[in-house]
Amino acid sequence: MAAALKLLAARHIQDTASASAVEHHWGYADRVVPCANDAGSCNYLDVVYAAHDIGMYYTAIIWATIAGILILWAIGRHFLRAHPSGVALPRRFAGEQVNKRPNTLQRFTAAAPAYARQYLLPDASRALFGRVTRTQVLTLVTLVGYLTIWSFVGIYWGTWVTPVKKNPGVYNTRTSLGPFADRVGVIAYALTPLSVMLASRESILSLVTGLPYQSFNFLHRWLGYVIFLQSSVHTIGWCIVELRLYQPQPTVGIEWIKQLYMIWGVVAMILLLLLVVLSTPWGIRATGYETFRKLHYVLAMVYIGACWGHWEQLKVFLIPGLVVWLLDRAIRLGRTALLHYNFLPSGHMGFRAAPADITFFKDETNGDVVRLDFDHPQDAWAVGQHFYLMFPEGSIWQSHPFTPLSLPVYGADTQRHSYIFRAKGGETRKIAELSAKRAARASDPQESDEGLMGNARLSVVLQGPYGEQTMRDLASDSNILCIAGGTGITYVLPVLLDIASKPQNRDRKISLVWVIRHRGDIDWVTPELSILKQKCRNLRAGMHIYVTRAAEDHHHEPNVPTVSEKAIETPCSPTKEITPVARSTDSSSVSVSSALSVHGVTKSELNLDHMQARPDLKMIVEDFVAGTVRGRTDVFASGPGGMISDLRSIIAGANSGADVWKGDERGDVRLTCDDRLEW
């Protein structure tokens with residue numbers, strides 16, 4: 001107590017020598033009573049302590065509000081959950097059209113989200129916020145507005161001019177700027193655990209809300225900016241007080257900045273500034289993502305320690321942040337250990353990495369592609385979830401998220417894992433180079449070709465699964481449109497494979513659109529496409545592959561035919577096979593198609609413009625929805641950021657809350673996309 005009073009002596013001029021008692025104030029220094037200073041100083045101290053006490057109540061209200069929202073969300077998820085996927089509907093629903101009109105509550109629960117998607121699904125200001133939806137920005141604006149209210153209310157605004165002891169004619173100007181600066185500082189401390197929770201991979205927020213952990217990355221990043229702004233206001237406010245309003249100067253300012261708690265405060269602000277700068281897109285590009293991630297962890301923990309040194313009385317907010325961070329790491333480690341605690345070749349139990357078969361696809365222009373396949377003894381994950389993969393031969397300090405394109409088998413002792421990733425730089429580039437060397441040694445040079453270099457093995461350590469269970473609330477009569485770009489096919493293929501394994505309603509419409517650069521990219525997932533092709537009678541799926549750089553195939557892939565392609569119908573129409581016919585001088589026949597259906601329908605057969613190399617996503621979505629018989633439409637998408645942004649706007653326009661309210665479920669179009677970004 002004596003140390004705390006000494007800490008505040010210069011600022012609050014408390015006369016500890018004449019104190020007869022002290023009052024305890026949670027999160028602040030104890031106060032000497034009765035006040036033995038001049039009337040102005042005593043009035044000022046009344047305002048300071050009253051503002052702080054009420055501010056601590058406000059932080060409790062803030063956290064109570066957050067807890068209340070999470071509780072209501074969890075209750076709503078339980079009672080408003082849609083029809084689970086894979087549950088067979090009665091026979092009358094599986095065939096003939098049923099004209100049973102939904103009741104008012106059912107129409108409202110379907111129409112309200114459709115109305116919301118019309119306006120809140122598209123990207124917000126991309127230059128300011130990046131590729132995030134208006135829903136996320138609205139959540140941020142609501143949070144900032146809520147915090148702003150609590151930053152100002154309950155503070156008495158006034159000014160007190162008080163004499164300085166032992167300095168005749170010298171006066172201090174005491175204002176409510178000090179209590180206000182303290183208020184925003186306290187709220188910044190109170191938000192620390194929330195910031196850590198928003199960044200956790202083993203997220204309690206995900207358990208409660210059902211949202212994948214990566215959905216909170218945007219709020220985590222911008223809450224960090226809010227904390228930085230609050231801390232800056234706190235710092236600037238007290239700098240004005242101590243360096244200008246308090247007298248005599250520079251004596252007061254020098255004595256103030258030399259105190260230990262102020263030294264820690266300066267350290268905390270420097271660390272917070274580094275965290276903010278390094279988390280910007282510019283900072284991440286300058287340092288590299290892996291460097292940023294490691295620095296972010298270290299700087300964040302040291303920052304919390306510096307905050308503790310600056311104002312230990314508010315450790316009630318710092319301890320939970322540390323606990324959440326440590327629990328997150330401990331659970332990650334524990335889950336990984338349990339996932340790989342298996343029988344060793346010696347017959348004993350121990351930690352064992354999974355040996356994966358490598359298939360290497362050479363692409364010097366866009367980055368080589370690696371496919372990993374292995375079996376691992378474990379329980380099935382849910383479709384839509386992903387794993388973090390660590391490669392011990394590369395680095396034990398780095399792991400990357402990948403979605404398995406294989407379908408989990410419930411009840412099986414061993415699960416098949418298949419992954420595809422493109423190597424461009426960093427750890428994935430290192431793993432691709434290692435894979436290329438091993439594939440070259442393992443393959444027979446006489447049998448390998450230029451693009452596919454053969455199989456080899458690579459050790460893999462799994463962590464997970466994480467992410468959204470995309471099929472959990474999918475109605476069994478929902479129409480499915482899957483759109484993927486490049487390696488994003490791994491996100492949508494399990495959805496189709498899961499659907500293919502179950503009986504389907506006769507009126508259900510399903511389609512796949514895959515955008516790739518070259519024809520040879522189809523080889524990445526040939527086994528899975530073969531399965532879907534075999535199941536097409538049940539799925540009635542329209543599978544369309546768009547090759548955006550087919551003209552380059554002649555130069556890079558000499559084995560690609562330069563003859564026209566003759567379509568042959570198969571029992572699985574509209575899927576086509578191709579056979580070469582004689583060369584023609586017609587330009588539309590000589591060129592390799594820039595838009596293909598599975599295994600090669602030419603663009604002329606798809607009625608596409610000869611110059612069009614990319615799919616018209618707007619037309620695809622609108623035609624798909626218009627062609628449905630009944631039921632809502634679920635769009636699953638994964639690919640470049642531009643594709644996802646375009647789809648958000650397109651699907652927002654395809655929603656019609658008015659039509660859904662009238663009973664036409666086709667106006668209910670939902671988007672589930674792979675937007676994993678770890679900040």
Side-chain angles (χ1 to χ4, degrees), residues 196-207 211-217 220 289-294 296-298 300-301 324-344 349-358 370-406 408 414-421 423 426-428 430-431 434-435 457-470 487 490-491 494 674-679:
V196 178
M197 290 171 64
L198 291 170
S200 298
R201 198 184 298 169
E202 306 290 346
S203 176
I204 187 174
L205 298 177
S206 294
L207 292 176
L211 298 175
Y213 70 92
Q214 65 268 19
S215 299
F216 303 108
N217 285 337
H220 167 68
Y289 178 74
E290 286 300 328
T291 301
F292 150 75
R293 193 162 65 96
K294 297 299 187 295
H296 200 73
Y297 293 155
V298 174
M301 292 302 101
V324 170
W325 189 87
L326 291 173
L327 278 177
D328 178 66
R329 267 60 190 177
I331 294 174
R332 291 188 198 182
L333 182 62
R335 291 181 66 181
T336 301
L338 291 175
L339 198 57
H340 287 274
Y341 187 74
N342 296 310
F343 282 103
L344 301 176
M349 295 290 291
F351 187 91
R352 183 185 183 186
D357 292 328
I358 301 171
V370 177
R371 171 165 176 152
L372 303 176
D373 295 277
F374 59 92
D375 295 319
H376 192 69
Q378 66 174 103
D379 294 330
W381 60 90
V383 172
Q385 292 185 310
H386 60 270
F387 289 83
Y388 274 78
L389 270 58
M390 185 266 286
F391 305 98
E393 287 120 324
S395 172
I396 64 172
W397 303 108
Q398 294 188 29
S399 60
H400 296 268
F402 298 106
T403 302
L405 62 90
S406 48
T414 300
Q415 301 293 332
R416 182 69 171 178
H417 287 256
S418 298
Y419 300 92
I420 294 173
F421 64 89
E427 181 69 6
T428 56
K430 185 191 304 183
I431 294 302
L434 178 62
S435 301
R457 298 182 79 80
L458 184 70
S459 295
V460 177
V461 175
L462 296 166
Q463 189 178 95
Y466 299 104
E468 188 175 12
Q469 301 179 29
T470 55
T487 57
T490 61
Y491 184 77
D674 184 11
D675 56 355
R676 284 170 300 158
L677 282 176
E678 186 186 54
W679 290 88

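Basis for what follows: all heavy atoms, side chains included, without hydrogens, waters or symmetry-related copies. Remember, predicted model here, so these are calculated numbers, not experimental data. Starting from 1, each residue takes its place in the sequence as its number.
Annotation: salt bridge (charged side-chain N to carboxylate O under 4.0 Å, His left out) contacts involving residues 377-393, sequence neighbours excluded, comprise Glu393-Arg438.
For His386 (side chain) and Pro401 (main-chain N/O), no donor-acceptor pair under 3.5 Å exists by modelled atom type. With hydrogens and angles ignored, the 3.5 Å screen pairs a side-chain donor or acceptor of His376 with a backbone N or O of Leu339. Distance alone, capped at 3.5 Å, places no donor-acceptor pair between the Asp674 side chain and the Tyr491 backbone.
Annotation: cation-pi geometry not satisfied between Arg457 and Phe374 (NZ/CZ under 6.0 angstrom from ring centroid, within 45° of ring axis). Both the sub-6.0 Å distance and the 45° axial angle are not jointly satisfied by Arg332 relative to the ring of Tyr388.
Among residues two or more places apart in sequence or in another chain, the side-chain contact (heavy atoms from CB on, under 4.5 Å) test is passed with Lys294 by Glu290, Trp397, Gln398. With sequence neighbours left out, Arg329 forms a salt bridge (charged side-chain N to carboxylate O under 4.0 Å, His left out) with no residue at all. When the ring-ring contact (aromatic ring centres under 6.0 Å, His included) test is applied to His400, no partner is found at least two apart in sequence or on another chain. Every residue meeting the side chain to side chain donor-acceptor pair (under 3.5 Å) condition with Asp373, not counting sequence neighbours, appears here in chain and number order: Arg371, Ser418. For Val324, the side-chain contact (heavy atoms from CB on, under 4.5 Å) partners are Val196, Met197, Ser200, not counting sequence neighbours. For Glu468, there are no side chain to side chain donor-acceptor pair (under 3.5 Å) partners, not counting sequence neighbours. With sequence neighbours excluded, the residues that form a side-chain contact (heavy atoms from CB on, under 4.5 Å) with Gln469 are Ala382, Gln385, Arg472. Here Trp325 pairs with nothing under the ring-ring contact (aromatic ring centres under 6.0 Å, His included) rule; sequence neighbours left out. Remark: Ser203 pairs with Leu205, Ser206, Tyr213, Phe216 by the side-chain contact (heavy atoms from CB on, under 4.5 Å) rule, at least two apart or across chains.
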